[in-house]
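First the structure, in the form of structure tokens, and then the observations on it.
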Amino acid sequence: MTETRQNTQQPADTGLEDEPSQHDEELRYSFPGDNRRTAGSSISTRAMVRRLPQLLRRALALAWHADRRSTLLLLLAQAASGVFGALALYATTGTLAALLRPGPVSGHLRDAAAPLAVLTVSAALRSALGIAVMTLSGRVGPRVNRDADLALIEAGCSAELAAYDEPAYNERWESADRGAATTPDLLTAAQDVIASTVSLIAAAGVLATLHPALLPFLVLGSIPAGLAAVRSARIHYLATVTTNEERAALRIYRWYLIDKQRADQVRSDQVLPFMMAKYRAAEARIVAVTDKAGTDAARVSLFAALATGAGAALMWGALLYLVSTGHIGLAAAGAATFALRTAAGGVQGMVGNGTRLYRMGLFLDDYFSFLDEAGGHRITRGTIEPPAPKLIEVTGLTYSYPGEQQAPALRGIDLTLRQDEVVAVLGQNGSGKSTLLKLLSGIYLPQPGGGQITWDGVPIEDLDAQAMWSMVARVPQEFARWPLQAAENVHLGHHDGDPDQAVKDAAGLTGFDEAVHRLRSGWRTLLAQGWQGGAELSGGGWQRAAVARAFYRTHREPGLLILDEPTSDLDPRAEHKILHALRDLAKGRITLLVTHNLGNAKLADRIIVVDQGLIVQAGTWDQLADQPDGLFKELLDLQQDRTVPAQRTSTE
Ligand SMILES: Nc1ncnc2c1ncn2[C@@H]1O[C@H](COP(=O)(O)OP(=O)(O)OP(=O)(O)O)[C@@H](O)[C@H]1O
């Protein structure tokens with residue numbers, strides 16, 4: 001009841017629905033950057049026509065890579081079908097010529113028998129080959145799609161993390177994803193273009209033998225339609241690219257509205273009407289751009305249709321002229337009419353499918369350019385495979401996230417970390433702690449001119465990324481809740497044999513084992529409620545799993561242990577357990593701990609306090625607590641001050 005009232009009241013309450021421009025502003029704010037620089041948006045019409053052969057080659061290459069045998073058979077079937085199509089056409093003209101020739105009918109029928117037999121056999125074989133082509137396409141298409149999908153995921157995961165901070169990257173991903181989805185259709189369109197071309201060539205061959213004067217008219221008639229189709233394809237493509245921001249926004253809004261993690265807040269905060277107004281505003285802009293593109297394309301098609309009609313009139317006029325002046329006989333004219341109809345079908349097919357192919361090809365360009373450079377951010381680092389670091393040195397580290405509004409997250413940090421040392425990183429929200437940890441673990445790289453981080457003297461850019469990360473065990477601030485079994489959520493596939501004992505040991509250190517014992521299928525329980533047989537953990541249960549994951553990695557000897565607020569969701573018992581385990585695990589490693597609980601920082605050998613991207617204090621807990629003017633002391637006093645406004649008495 002309340003929900004209904006909210007929904008019906010919303011437009012009147014907010015008036016947002018009537019103000020799409022306000023939402024446009026917000027969308028641009030959310031997705032800044034040049035989103036028009038996707039691969040195909042600058043291509044001219046002439047270049048587009050020239051690109052069709054290249055697209056055909058690409059479609060075939062994709063198919064070849066996905067399934068060689070089927071692709072080869074497909075090409076053979078397609079070619080044979082074309083040959084039989086041409087034969088059928090020649091046989092048709094032969095049949096017509098025999099039937100329309102002057103003389104007794106019985107003789108006509110006898111003469112027509114042979115071409116008629118060829119016609120029947122060719123048509124039957126063509127139908128059979130058509131079925132073969134369809135079956136083979138059905139095999140190749142999904143395989144092409146599978147390959148494209150896998151390649152895209154691999155390319156996305158091989159980009160530097162910093163790529164995600166750039167808005168243009170998301171857009172490129174969006175276009176590339178669409179390109180990957182079009183790959184099976186691309187193959188079908190490529191085949192249809194080939195088939196139409198073959199039938200056009202056959203028809204043109206027949207016409208040329210009947211009377212060469214008919215050929216130029218055929219070409220003339222097809223040019224306007226071809227140009228118009230290519231231009232429309234470009235109009236539609238640009239419309240799609242222009243609305244990339246809105247499409248990305250819709251995808252994100254939709255995800256936020258339907259995702260389980262926020263489903264409670266969607267309801268309790270009654271945010272649906274507000275978000276739907278934004279959603280509708282984005283939709284409205286897409287519809288407006290698409291409508292305009294539709295009108296523009298229709299205008300182009302209208303001109304093309306008029307030009308094609310004029311061309312066709314000329315062609316039929318020429319045919320009439322040739323017949324009336326006796327340049328060709330009536331039988332040949334009948335055959336020419338048939339060939340012209342076939343040729344027109346071929347032109348239509350070529351233009352229509354060529355346009356489809358071209359449109360898909362534009363998205364495919366985005367897909368390939370994304371693959372080529374992983375959106376411009378492929379991980380290209382050194383090849384040195386480091387052992388566990390004994391000494392990490394940071395000099396003059398400055399780091400800025402993209403965007404004009406952003407102040408540098410880190411400013412000239414100097415820091416030395418040694419094996420066996422536990423260093424706590426403290427500071428207020430947004431001071432740069434997580435950014436520093438991401439840089440130390442090589443998830444981000446220092447920016448050019450932004451200082452240096454070395455592991456045992458080697459700049460981290462020179463280290464092999466995978467080898468480096470294999471030395472790191474992290475609990476990130478926002479940890480993943482993998483839709484995997486409980487045990488898998490700890491080992492994540494990193495095990496040489498039976499991972500059971502190591503998983504249980506790591507889980508025992510964090511209390512995750514207690515959460516697992518309460519699950520019906522124990523370690524085999526799928527932690528994904530909403531999936532068949534899935535279960536859900538509490539917030540703290542998930543954090544215990546995340547810490548167990550990092551502790552499990554220490555069994556495989558990562559030398560750098562990084563914990564970003566690892567106990568923020570935990571009860572005191574679990575927190576106590578983890579902090580105790582941490583002291584033992586820290587031996588022989590470099591350990592970094594971010595925490596807002598200053599009491600927890602007591603376990604650290606050294607504390608650094610970060611403020612607005614600078615290290616403003618460093619020392620032991622006692623040393624910092626003795627500095628009355630320091631930020632540490634201020635935060636400590638605030639944390640210990642639990643005076644709350646006095647309770648009101650009943651007489652107040
Ligand atoms: N991916 C990002 N893109 C842009 N800016 C970012 C990004 N991540 C962090 N920032 C900005 O960088 C600054 C430092 O953020 P960081 O997350 O390192 O702070 P923090 O000290 O870990 O904060 P908290 O205690 O709230 O977790 C902040 O101003 C933040 O807004």
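Counting starts at 1 for both ligands and their atoms, following the listed order.
- Without hydrogens or angle criteria, Thr510 side chain to Ile578 main chain gives no donor-acceptor distance under 3.5 Å.
- In this structure, Gly432 is part of the shell of residues with a heavy atom less than 4.0 angstrom from ligand 1.
- Set against the non-hydrogen atoms of Thr435, the atoms of ligand 1 under 4.0 Å away are 14 (C), 15 (O), 16 (P), 18 (O).
- Looking at atom 25 (O) of ligand 1, its nearest protein heavy atom turns out to be Lys433 NZ, 2.8 Å.
- Ring geometry, Tyr552 versus His491: the interplanar angle falls from 30° to 60°, so the pair is classed tilted.
- You'll find the ring centres of Phe512 and Phe551 outside the 6.0 Å limit.
- Ring planes of His576 and His580: tilted class, angle from 30 to 60°.
- No side-chain donor-acceptor contact under 3.5 Å links Tyr279 to the backbone of Pro273.
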Quiz prompt | Audit row: Asn600, Glu575, side-chain hydrogen bond (donor to acceptor under 3.5 Å, both in side chains) steps and yes/no | solution = CA-CA 9 Å; Asn600 289 346; Glu575 185 171 39; 2.7 Å; yes
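- Listed by number with element, the atoms of ligand 1 under 4.0 Å from a non-hydrogen atom of Ser434 are 17 (O), 18 (O), 20 (P), 22 (O).
- Within ligand 1, the atoms closer than 4.0 Å to a non-hydrogen atom of Gln428 are 21 (O), numbered from 1 in the order shown.
- In this structure the side chain of Leu417 reaches within 4.5 angstrom of the side chain of Leu440, judged on heavy atoms.
- For ligand 1, the atoms sitting less than 4.0 Å from at least one non-hydrogen atom of Gln477 are 27 (O), numbered in the order shown with element in parentheses.
- Nearest protein heavy-atom contact of atom 30 (C) of ligand 1 is Gln406 OE1, 4.8 Å.
- Atoms of ligand 1 found under 4.0 Å from any heavy atom of Asn429, numbered from 1 in the order shown, are 23 (O), 24 (P), 25 (O), 26 (O).
- The proximity of His596 to ligand 1, defined as any non-hydrogen pair under 4.0 Å, is limited to the side chain.
- Between Ala409 and ligand 1, no N or O atom pair is found at a separation short of 3.5 Å.
- The heavy atom nearest to atom 2 (C) of ligand 1, out of those in Tyr164, Tyr401, Tyr399, is found in Tyr401.
- The part of Asp165 lying near ligand 1 is the side chain, judged by heavy-atom distances below 4.0 Å.
- If you check which protein heavy atom lies closest to atom 14 (C) of ligand 1, you get Gly430 O, 3.5 Å.
- Checked by atom type and distance alone, the side chain of Arg553 never pairs as donor or acceptor with a backbone atom of Arg549 at under 3.5 Å.
- Checking atom 4 (C) of ligand 1 against the protein gives a heavy-atom contact under 4.0 Å.
- With values rounded to the nearest 0.5 angstrom, Lys433 atom NZ is found 12.0 Å from Lys438 atom NZ.
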